[in-house]
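What you are looking at is a predicted structure, and each value in this text was computed from that prediction instead of being measured. Letters A, B, ... mirror the listed sequences (proteins, then strands); counts begin at 1.
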There are 2 protein chains.
Amino acid sequence: MSTTIQMSEELGPRSGWGKAIECPMASMFEILGTKTSYLIMREAFYGATRFEEFVERTGISEPVAAARLRELTAEGLLEKVPYREPGQRTRSAYELTEKGSDLLPVLVAMMRWGDRWLFTNGARVELTHADCGAQVHTELRCDAGHPVPTDELELGLNPRRLRAAR
Amino acid sequence: MSTTIQMSEELGPRSGWGKAIECPMASMFEILGTKTSYLIMREAFYGATRFEEFVERTGISEPVAAARLRELTAEGLLEKVPYREPGQRTRSAYELTEKGSDLLPVLVAMMRWGDRWLFTNGARVELTHADCGAQVHTELRCDAGHPVPTDELELGLNPRRLRAAR
DNA sequence: CGGCATCCTTAGGGATACTG
DNA sequence: CAGTATCCCTAAGGATGCCG
């Protein structure tokens, strides 16, 4: 079984790709490059919204939590929403935006990998499909709906894609 | 549309989950916690095997590349395979193991996210299904084969799962 | 409760020079 | 070519204390 991806012509080793083309993954690290930012996002998915929830549940220190929340908010992954419980003063909640929510496949893929390779028998968190109770995983599929095994995955470059009309 | 995951009873905010249970994601960061380790893995998927390929294509310095390759090899994501071209001396290649290959969904999910949210129009790397030419993405599915939208995803805890007979 | 300021320690990573 | 050794700088993160 082939483990590496098929590479199309224009993206060979000598195309200088590492420097010329920006990698979406590398760019993503400018936003989500630290462990703590992932932990914060994880808790956001688990339902944390209040500052202290993030701090307690991730175990990271307040200053760092504050910094991450500020950055993630600035990047548009979280949104600061003021709310007020009856009789209480106004508080702040951090809620996932669409951009933030869209990270779910990344986190799920990470969890599944950790589950599979790092916890062969111990305690684990389960992700299940509420409707049928089966385990949830991530799967590679093409936009035509086919499952895509590794050896049918091809890497190519699309330097000047036309912008969709709007 | 709900952005957070349904949480089952035993995993409420006050269950002390952050400390008591090890998160597969957090554990994964002990292995893949730095940007450079992802860059190395990315290049491994792109087909890099030689030390210098990794260095050139990721742009990271030799000492750091060496350290990452050593760590990733120790963790079993890469494998050091000696090879010899006819008439040449023996050299070392770093090849993806199954454990390493299995990270593909994580990387693809990251790329797609970066593509979608960080490069709305610029140059991009394409991942296509070789058989039909359509774009490839990651999808949440349950083991029964249903696509799983966010609001049907449920988080639960399985503290003492029986080990599969073997 | 929801943070920010300050200080300090450690980890990550680059540059350069050298070796089998 | 495939690294290693050394040195140094910066970024990440914890502890503590303060503030609206």
Q: Classify the nucleic acid contact of F54(B) as base, sugar-phosphate or nothing, counting any heavy atom under 4.0 Å across all strands shown.
A: nothing

Q | L72(B) CG - dG3(D) P separation (whole Å) | A | 13 Å

Q: Take atom OH of Y38(B) and atom P of dG12(C), then tell me their distance rounded to the nearest Å.
A: 14 Å

Q: Sugar-phosphate atoms are those with a prime plus P, OP1 and OP2; base atoms are the rest. Using that split, label each nucleotide of nucleotides 8-20 of chain D B, S or - for protein heavy atoms under 4.0 Å, 5' to 3'.
A: ----SSBBB---B

Q.
At less than 4.0 Å, is any side-chain N or O atom of Y94(A) found next to OP1 or OP2 of dG3(C)? Yes or no.
A. yes

(Q) Whole angstroms only, please: what is the CZ-C1' distance between F29(A) and dG12(C)? (A) 14 Å

Q.
Which residue is it: E43(A), R42(A), E52(A)? I am looking for the one with a side-chain contact (heavy atoms from CB on, under 4.5 Å) to R57(A).
A. E43(A)

Q.
Closer than 4.0 angstrom, basic N to acidic O: yes or no for E98(A) and R116(B)?
A. yes

Q) What distance do E56(A) atom CD and E62(A) atom CD have between them, rounded to the nearest 0.5 Å? A) 10.0 Å

Q: Nearest whole angstrom, please: distance from the P of dG12(C) to the CD of E30(B).
A: 12 Å

Q: Calculate the interatomic distance between L69(A) atom CG and dG3(C) atom C1'; express it in whole Å.
A: 10 Å

**Q.** From CG (L77(B)) to NZ (K99(B)), nearest 0.5 Å
**A.** 5.5 Å

Q: Starting at atom CG of L39(B), determine the distance to atom C1' of dG14(C), rounded to an integer number of angstrom.
A: 15 Å

Q) Between K80(A) (NZ) and dC1(C) (P), how many Å, whole number? A) 16 Å

Q: Given side-chain contact (heavy atoms from CB on, under 4.5 Å), test M41(A) with L78(A) step by step and report yes or no.
A: CA-CA 9 Å; M41(A) 291 305 290; L78(A) 297 177; 4.3 Å; yes

Q) Does R70(A) place a side-chain N or O at less than 4.0 Å from the phosphate oxygens OP1/OP2 of dC4(C)? A) yes

Q.
For a side-chain contact (heavy atoms from CB on, under 4.5 Å) check, start with the C-alpha distance between Q6(A) and D151(A), then their side-chain angles and the critical distance, and finish with the verdict.
A. CA-CA 7 Å; Q6(A) 259 185 276; D151(A) 58 331; 6.0 Å; no

Q. For residues Q135(B) and H137(B), is any side-chain donor paired with an opposing acceptor at under 3.5 Å?
A. no

(Q) dC1(C), OP1 or OP2 - any side-chain N/O from R50(A) closer than 4.0 Å? (A) no

Q) Rounded to the Å, how far apart are E52(A) CD and dG2(C) P? A) 6 Å

